[in-house]
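Data block below; observations after.
Convention: sequence-line order gives letters A, B, ...; per-chain numbering from 1.
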Amino acid sequence: MEKKDIRLVTLKKNKEFTFVYHRGKSCAAKHMVLIYFKNKYGGIRTGFSVSKKVGKAIVRNKIRRRMKECMRELLVQMVSGESANLIFIARAPIVEIKYAEMRKEMRYLLKKAGLFTIEKNK
RNA sequence: CGAGCGGAACAAAUGACUGCGCCUUAUUAUGAGGUGAGGAACGUCCGAGCACCAUAGGGCAGAACGCCGGGUAACGCCCGGUGGAGGCGACUCCAAGGAAAGUGCAACAGAAAUAAACCGCAGCAAGGGCUGUAAGGGUGGAACGGUGAGGUAAGAGCUCACCGAAAUCAUUGGCAACUUUGAUUUCCUGUAAACCCCGUUCGGUGCAAGAUUGAUAUAGGAGCAUUUAAUAGCGGCCCGCUAAGCUUCGUGUAAUCGCUAGAGCCUGUUGGCAACUGCAGGUCAAGAUAGAUGGUCAUAUAAACAGAACUCGGCGUAUGAGCCGUCUCGAUUC
RNA sequence: GAUCCGCUAGCUCAGUAGGUAGAGCAUUUGACUUUUAAUCAAAGGGUCCGGAGUUCGAAUCUCCGGCGGGUCA
């Protein structure tokens, strides 16, 4: 089947983050911001950033886990050929919203960035 | 029934699908099985283990602690007592050595704040004044203890009686702090959570400690020295010890170990008022490294505070619903 | 992980051996001016981050918290 390479690969090094921050393009929504940098190889790699403004340790942890889960679900439906580095940055009001809304918004952001197409999935 | 006081314990569970870390196993990129945050993981306020620096040395400085006895690996923690403070009470709280080693401070008020004399009282002089006095007045948180009598020129622990306080000695009880009673002496402001004195304790740095392996570089700038100086270990200072090149800026900084079985937890029991402890039996797979527990449901309903990063013992703080007691006070009824 | 500092009027800050809490700006009122600004004069405004303790008395000393910020690796 095509369900082969859908493991979530995360950005780890501080260098990688700063690189994307400097070179990448951004698009924003109410509850989060996406910064993306398209490259030739390496597949889709994602980083998540939740600052201290959002909440205490346990709150930040929960939000990051939810965002990871969202990405995992969306990764299946995405264009397979593309490869890019993404960073999702959580904003303060993200604490209020539910999981479904979060996924909706994430899909909107990816579509905006041109990494997500519904036609392909159909 | 109302208002309190004290105490202990819990911190959702199970199942399904789907994901993540680690371990085991089969087989070679996946499958199967197991397992996976807290009572505070938090704050980082103390005490240790462990590691390295001289297996930690001498002195000064500095810091912490401070009733007594016990517990503990240790503690600034805990338990039991003593004394004091608060509460009708159950009970709670207390950094609780020394003010008679010395220094400082005590605003305003008041004559005067640690030393005395403003008004007053008495004697002498008699216009101011000099001497004695600490009864009375007023101020203040505090004015050489309080009341009464004697005494005196007027007064005063000057003397006596009673009361109060402190110290010393003896004595009752207690391991002790302390306490009971008696005698003697004294009556002295408070503050040490002001400096300080006395006693006790403390070497420094912290798992990013440190060890091993490998790679890269031994590029470059600056400083000091080559023989008793400087620098570093040693980050308060001096002595002392060690090192033959060292320090600093800059660049670069991977993997493995350390890394989880420990002063562990539970049950019974010995000793003890208790903290705790001896013995016996049982039991214990979180170990990540941008950092693992999420998502969707079901069980009527899931809710508080909150997320491990070397590990323990305390303390402090946050917080949900309920429970217990020969407990206390008040009201009512029998 | 370790360590240090701050919190005082609406804002920015003073306030040391503990004794009535102050300055500048801002605000309000009045004067000057045709009016405003500037200037001058006056006034109001403080649980001294919170709670305990020591003391006759605490912004100040001690302890325990809260919030904010810095430094080192």
Sticking with atom C1', work out how far B:C67 lies from B:G87, rounded to a whole angstrom.
24 Å
Is the phosphate of B:G291, meaning OP1 or OP2, less than 4.0 Å from a side-chain N or O of A:Lys68?
yes
Does B:U184 sit syn or anti, given that only angles within 90° of 0 count as syn?
anti
Contact list (N/O, under 3.5 angstrom) for nucleotides 303-307 of chain B vs protein:
residue: B:A306; atom: OP1; partner: A:Lys56; partner atom: NZ; Å: 3.0
residue: B:G307; atom: OP2; partner: A:Ile58; partner atom: N; Å: 3.4
residue: B:G307; atom: O6; partner: A:Arg65; partner atom: NH1; Å: 3.4

Give the rounded distance in Å between these two atoms: CE of A:Met71 and P of B:U18.
22 Å
Less than 4.5 Å apart, any side-chain heavy atom of A:His31 and any of A:Met102?
no
Judged by whether its glycosidic angle lies within 90° of 0, B:G39 is syn
Between B:A302 and B:A12, how far apart are the two C1' atoms, rounded to whole Å?
8 Å
For B:C241, the Watson-Crick or wobble counterpart (both distances under 3.5 Å)
B:G233
What's the gap between B:G264 and B:A177 when it is taken at their C1' atoms, as a whole Å value?
38 Å
Please confirm whether any donor atom in the side chain of A:Glu69 sits under 3.5 Å from an acceptor in the base of B:G295, or the reverse.
no
Any-strand Watson-Crick or G-U partner of B:A161, both distances under 3.5 Å
B:U147
Find the distance A:Tyr99:OH to B:U296:C1' and express it as a whole number of Å.
9 Å
Verify same cluster id: A:Phe88, A:Tyr99 (apolar side-chain graph, 4.5 Å):
no
Distance between C1' atoms of B:A9 and B:C284 (Å, rounded):
22 Å
B:A41 glycosidic torsion: syn (within 90° of 0) vs anti:
anti
Interatomic distance, A:Arg66 CZ vs B:U18 C1' [rounded to whole Å]
17 Å
When you check the glycosidic angle of B:G110, does it come out syn, meaning within 90° of 0, or anti?
anti
Could you work out the separation of B:C197 and B:A109 based on their P atoms and round it to a whole Å?
37 Å
Report yes if some heavy atom in the side chain of A:Ser26 is under 4.5 Å from a heavy atom in the side chain of A:Leu34; otherwise report no.
no
Answer yes or no: is there a side-chain heavy-atom contact under 4.5 Å between A:Ile89 and A:Met32?
no
Assigned partner base of C:A41, Watson-Crick or wobble definition, under 3.5 Å
C:U29
In Watson-Crick or G-U wobble terms, both distances under 3.5 Å, what is the partner of B:C273?
none
Determine which nucleotide pairs with B:U55, using a 3.5 Å limit on both distances of a Watson-Crick or G-U wobble pair.
none
When you compare B:A40 with B:U301, how far apart are their P atoms, in angstrom units rounded to a whole number?
34 Å
Do A:Thr46 and A:Ile87 have side chains that approach each other closer than 4.5 Å (heavy atoms only, starting at C-beta)?
no
One should read off an interatomic distance between A:Phe37 CZ and A:Lys25 NZ, to the nearest 0.5 angstrom, of 10.0 Å
Return the pairing partner of B:A304 with a 3.5 Å limit on both distances, Watson-Crick or G-U wobble; otherwise return none.
none
Taken to the nearest whole Å, CZ/A:Phe48 to C1'/B:G294 is 12 Å
Measuring only the C1' atom in each nucleotide, how far is C:A52 from B:A85? A whole number of Å is fine.
15 Å
Counting the atoms with a prime plus P, OP1 and OP2 as sugar-phosphate, which does A:Arg64 contact under 4.0 Å by heavy atoms, base, sugar-phosphate, or nothing?
sugar-phosphate
Atom CE in A:Met106, atom CD in A:Glu101: separation rounded to 0.5 Å?
14.0 Å
Answer yes or no: is there a side-chain heavy-atom contact under 4.5 Å between A:Glu69 and A:Arg103?
no
Now, which nucleotide makes the Watson-Crick or G-U wobble pair with C:A52, with each of the two distances under 3.5 Å?
C:U62
Provide the distance between the two P atoms, one in B:G262 and one in B:C50, to the nearest whole Å.
12 Å
Which atom names give the shortest non-hydrogen contact between A:Cys27 and A:Leu109, and what distance separates them?
O-CD2, 3.6 Å
Calculate the interatomic distance between A:Arg60 atom CZ and B:A290 atom P; express it in whole Å.
16 Å
Taking any strand in view, what nucleotide pairs with B:G102 in a Watson-Crick or G-U wobble way, both distances under 3.5 Å?
B:C195
